[in-house]
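One structure below.
Keep in mind that this is a model prediction, so the values were computed, not measured.
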Amino acid sequence: MRILVATKPVDFRKGHDGLAALAQSMLAEDPFTGTIFVFRSKRADRLKILFWDGSGLVMAYKRLEADSFTWPAVRDGALTLSRIQFEALFAGLDWRRVRPLEIPKPDLAE
């Protein structure tokens with residue numbers, strides 16, 4: 001699963017079609033591939049998620065009540081997140097602190 005975060009804030013009045021158009025124009029990505037697109041508002045406490053599930057565009061909206069999301073620096077383009085980093089972002093945690101476990105490669109198969 002590919003997860004892209006648009007780093008520039010977007011107009012949160014946009015719906016399914018508007019966000020799909022932004023994925024195409026702003027990120028140069030096809031919104032109908034199953035990629036999950038995460039968009040941020042100017043206020044750092046809101047996000048919208050857009051993805052194609054095979055039969056239609058799905059959009060989800062989340063607003064944090066008491067805090068704000070940790071966003072990457074504002075610049076053109078997008079940032080790719082792992083599933084675990086995305087889950088941390090969605091939960092309102094600092095996704096930058098999530099690191100994969102370093103598991104050493106075994107020397108021999110048992």
Q) Stepwise, does the side-chain contact (heavy atoms from CB on, under 4.5 Å) test hold for Val5 with Trp95? A) CA-CA 12 Å; Val5 176; Trp95 59 269; over 6 Å; no

Taken in chain and number order and not counting sequence neighbours, the residues that satisfy side-chain hydrogen bond (donor to acceptor under 3.5 Å, both in side chains) with Thr35 are Thr33

TODO: Following the transitive rule for hydrophobic clusters with a side-chain heavy-atom cut-off under 4.5 Å over Ile, Leu, Val, Met, Phe, Trp and Tyr, establish whether Leu4 and Val10 coincide in one cluster.
DONE: yes

Report all side-chain donor-acceptor pairs from residues 23-30 shorter than 3.5 Å, counting only partners two or more places apart or in another chain.
residue	atom	partner	partner atom	Å
Ser25	OG	Ala21	O	3.0
Glu29	OE1	Arg2	NH1	3.0
Glu29	OE1	Arg2	NH2	3.4
Glu29	OE2	Arg2	NH2	3.0
Asp30	OD1	Phe32	N	3.0

Those residues at least two apart in sequence (or on a different chain) that pass side-chain hydrogen bond (donor to acceptor under 3.5 Å, both in side chains) with Asp67 are none

In short, side chain to side chain donor-acceptor pair (under 3.5 Å) pairs touching residues 40-51 with sequence neighbours left out are Arg46-Tyr61

For Ala20 and Leu50, the nearest pair of non-hydrogen atoms, with its separation, is N-CD2, 3.5 Å

The reported gap from CD1 in Ile3 to CZ in Phe51 (rounded to nearest 0.5 angstrom) is 11.0 Å

When rounded to the nearest 0.5 Å, the distance separating CZ of Phe90 from CD1 of Ile49 is 4.5 Å

N/O donor-acceptor pairs under 3.5 Å from side chains in residues 71-89, not counting sequence neighbours:
residue	atom	partner	partner atom	Å
Trp71	NE1	Ala44	O	3.1
Asp76	OD1	Lys8	NZ	2.7
Ser82	OG	Gln85	N	3.2
Ser82	OG	Gln85	OE1	3.4
Arg83	NH1	Glu87	OE2	2.5
Gln85	OE1	Ser82	N	2.9

Minimal heavy-atom distance between Leu19 and Phe39, with the atoms involved, is O-CZ, 3.7 Å

Applying side chain to side chain contact (heavy atoms under 4.5 Å, CB included) to Asp107 and not counting sequence neighbours gives none

Applying salt bridge (Lys or Arg N to Asp or Glu O under 4.0 Å) to Arg13 and not counting sequence neighbours gives Asp11

Q) Does Leu93 share a hydrophobic cluster with Val38, counting links as ILVMFWY side-chain heavy atoms below 4.5 Å and allowing steps through other members? A) no

Sequence neighbours excluded, the answer for salt bridge (Lys or Arg N to Asp or Glu O under 4.0 Å) partners of Glu65 is Arg63

_Are Met1 and Val58 linked, directly or through intermediate hydrophobic residues, by side-chain heavy-atom contacts shorter than 4.5 Å (ILVMFWY only)?_
yes

With sequence neighbours left out, the residues meeting salt bridge (Lys or Arg N to Asp or Glu O under 4.0 Å) with Asp17 are none

